[in-house]
> 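There's a structure below that I have some questions on.
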Amino acid sequence: MISEQDWADTRLLWDYQQMGYEPRPCSVGIGLGSHDLGVADTTVDLYQRGMMPLIVFTGATSRTTAERMPRGEAEHYRDRALELGVPPNVILVEPNARNTGQNITLSRDLLEEHGVDVSSVLLISKPYEERRAHATARKLWPEVEFVSASTPMTLAEYVDSIQDARRVIDMLVGSLQRLLIYPAQGFMVAQDVPTDVVRAYERLASRGFTSRLAPEAPRRESA
């Protein structure tokens, strides 16, 4: 059972992840691969609104996407963008990244290989990972300005779209944990996490929403 307190705590984590940026034109848009094809849809929408002249889709497969996206997250995102009318010549595919850190560094390398001058990036992620993606990008590519974006939707709408409430809560708990532990490991810049958000995270973890928690020992890459 997911209690009313669980939902209240989840909303605190959801709201904290929202960066509140107003999308604006950038040098390039980077769509971070995941199980959520809505990231590709939102990237296309921003492209069609003139927010960037070039798109990078980045992502290999993971245990949550291997069945749905067997050719890799970035490739399936590209397919979706083509279906929605994006010209193929404005899409670059980075097919190897297996975590958020690699999404950033491998996309940066790909753009350098193509001679793209990048001063700003519209960073498109799942709604509950805006802050985590932004903090990671600022650490690994500090000379570039990042503007966060995601599909504008409420927590209830997102849960309805995924059709698995517990999975969504687990993901939110995992994302918040990484914001707390990864700065000390060198994977992202530190965030000011309000006390009520930390308490909400701790309550949800104690209630068993833990399937997406990372090991707290240092790792080679952010996940």
Side-chain angles (χ1 to χ4, degrees), residues 10-36 38-43 45-47 49 51-52 54-59 62 73-74 77 94 97-111 116 118-155 158 168 171-194 197-198 200-201 212 214 219 221-223:
T10 301
R11 282 189 291 273
L12 278 173
L13 270 58
W14 174 271
D15 291 344
Y16 178 65
Q17 283 284 351
Q18 307 294 299
M19 298 289 292
Y21 280 98
E22 188 68 29
R24 64 170 183 78
C26 291
S27 306
V28 64
I30 298 179
L32 304 180
S34 73
H35 63 87
D36 185 354
V39 174
D41 291 350
T42 297
T43 303
D45 176 67
L46 291 166
Y47 168 78
R49 289 164 55 191
M51 295 297 167
M52 64 278 204
L54 181 68
I55 294 168
V56 175
F57 288 127
T58 168
S62 68
E73 297 153 5
Y77 277 21
E94 186 296 296
R98 295 187 178 277
N99 55 58
T100 308
Q102 290 180 358
N103 286 142
I104 302 304
T105 57
L106 296 180
S107 295
R108 179 194 62 201
D109 294 347
L110 180 65
L111 289 162
V116 180
V118 179
S119 61
S120 58
V121 171
L122 196 53
L123 192 64
I124 303 101
S125 67
K126 300 183 291 295
Y128 65 80
E129 288 204 331
E130 274 195 28
R131 188 175 294 273
R132 173 188 167 191
H134 191 269
T136 303
R138 285 180 55 208
K139 178 69 177 182
L140 299 176
W141 202 356
E143 64 272 24
V144 165
E145 181 183 2
F146 287 92
V147 177
S148 291
S150 65
T151 306
M153 61 199 315
T154 65
L155 172 61
Y158 192 75
V168 172
M171 292 286 196
L172 275 158
V173 170
S175 288
L176 199 283
Q177 180 218 26
R178 287 160 174 79
L179 285 173
L180 295 172
I181 69 173
Y182 276 4
Q185 298 177 19
F187 297 142
M188 61 176 64
V189 297
Q191 301 292 290
D192 181 14
V193 185
V197 174
V198 175
Y201 153 75
R212 296 296 294 175
R219 299 170 54 180
E221 296 270 358
S222 62

> For Phe146, is there any backbone N or O sitting under 3.5 Å from a side-chain donor or acceptor partner on Arg138?
no
> What distance separates Glu145 CD from Arg24 CZ, expressed to the nearest 0.5 Å?
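Separation between the atoms: 4.0 Å.
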> Please check this pair: side chain of Glu94 against backbone of Ser107, looking for a donor-acceptor N/O pair closer than 3.5 Å.
no
> Could you list the donor-acceptor pairs under 3.5 angstrom formed between side-chain atoms of residues 119-128 and any protein atom two or more places apart in sequence or on another chain?
| residue | atom | partner | partner atom | Å |
| --- | --- | --- | --- | --- |
| Ser119 | OG | Ser27 | OG | 3.2 |
| Ser120 | OG | Ser27 | N | 3.1 |
| Lys126 | NZ | Glu129 | OE1 | 3.1 |

> On a heavy-atom basis, which atom in Gln102 and which in Asn99 lie closest, and how many Å separate them?
N-OD1, 2.8 Å
> For the CZ atom of Arg11 and the CG atom of Leu13, what is their distance to the nearest 0.5 Å?
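So the CZ of Arg11 and the CG of Leu13 are separated by 12.0 Å.
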> From the options Pro152, Ser148, Ser150, select the one residue that forms a side chain to side chain contact (heavy atoms under 4.5 Å, CB included) with Gln18.
Ser150
> Find out whether Tyr77 and Thr43 are in side-chain contact, i.e. whether some heavy atom of one side chain is under 4.5 Å from a heavy atom of the other.
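Not in contact.
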> Is any side-chain heavy atom of Val168 closer than 4.5 Å to one of Leu155?
yes
> A side-chain contact here means heavy atoms from C-beta on lying under 4.5 Å apart; do Lys139 and Tyr182 qualify?
no
> For Val118 versus Val144, what's the shortest heavy-atom pair and its separation?
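Val118 and Val144 have their closest heavy atoms at O-CG2, 3.8 Å.
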> Do we see a donor-acceptor contact under 3.5 Å between the side chains of Ser175 and Tyr201?
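Ser175 vs Tyr201: no donor-acceptor pair found between side chains.
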> What heavy-atom pair brings Arg131 and Tyr16 nearest, and what distance separates the two atoms?
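Arg131 and Tyr16 have their closest heavy atoms at NE-O, 2.8 Å.
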> Taking all non-hydrogen atoms of both residues into account, name the closest pair between Leu46 and Pro23 and its distance.
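For Leu46 and Pro23, the tightest heavy-atom pair comes out as CD2-CB, 3.8 Å.
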> Below 4.5 Å, heavy atoms only, C-beta onward: do Arg212 and Val173 meet side chain to side chain?
no
> How long is the straight-line distance from CD of Gln185 back to CZ of Arg178, given to the nearest 0.5 Å?
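Reported value, rounded in 0.5 Å steps: 10.0 Å.
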> Write down the atom of Glu130, the atom of Ala149, and the distance for their closest heavy-atom approach.
OE2-C, 3.9 Å
> Within this structure, what is the CD1-CG distance for the pair Ile181 and Leu176, rounded to the nearest 0.5 Å?
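Separation between the atoms: 11.0 Å.
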> Test your reading of the model: is there a side-chain donor-acceptor pair from Gln177 to the backbone of Ala214, 3.5 Å cut-off?
yes
> Verify side chain to side chain contact (heavy atoms under 4.5 Å, CB included) between Asn103 and Thr136, making sure each step is shown before the conclusion.
CA-CA 10 Å; Asn103 286 142; Thr136 303; over 6 Å; no
> NE2 of His134 to OG1 of Thr100: how many Å apart, nearest 0.5 Å?
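Atom-to-atom, His134:NE2 and Thr100:OG1 are 14.0 Å apart.
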> What closest approach, in Å, do Leu32 and Ile104 show between heavy atoms, and which atom pair accounts for it?
CD2-CD1, 4.5 Å
> What's the verdict on side chain to side chain contact (heavy atoms under 4.5 Å, CB included) for Thr151 and Asp41, showing C-alpha distance, side-chain angles and the deciding distance?
CA-CA 8 Å; Thr151 306; Asp41 291 350; 6.0 Å; no
> Measuring from atom CG of Leu106 to atom CG of Leu111, what distance do you get when rounded to the nearest 0.5 angstrom?
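The CG atom of Leu111 is 11.0 Å from CG of Leu106, to the nearest 0.5 Å.
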> Walk me through whether Thr105 and Arg108 qualify under side chain to side chain contact (heavy atoms under 4.5 Å, CB included).
CA-CA 5 Å; Thr105 57; Arg108 179 194 62 201; 3.8 Å; yes
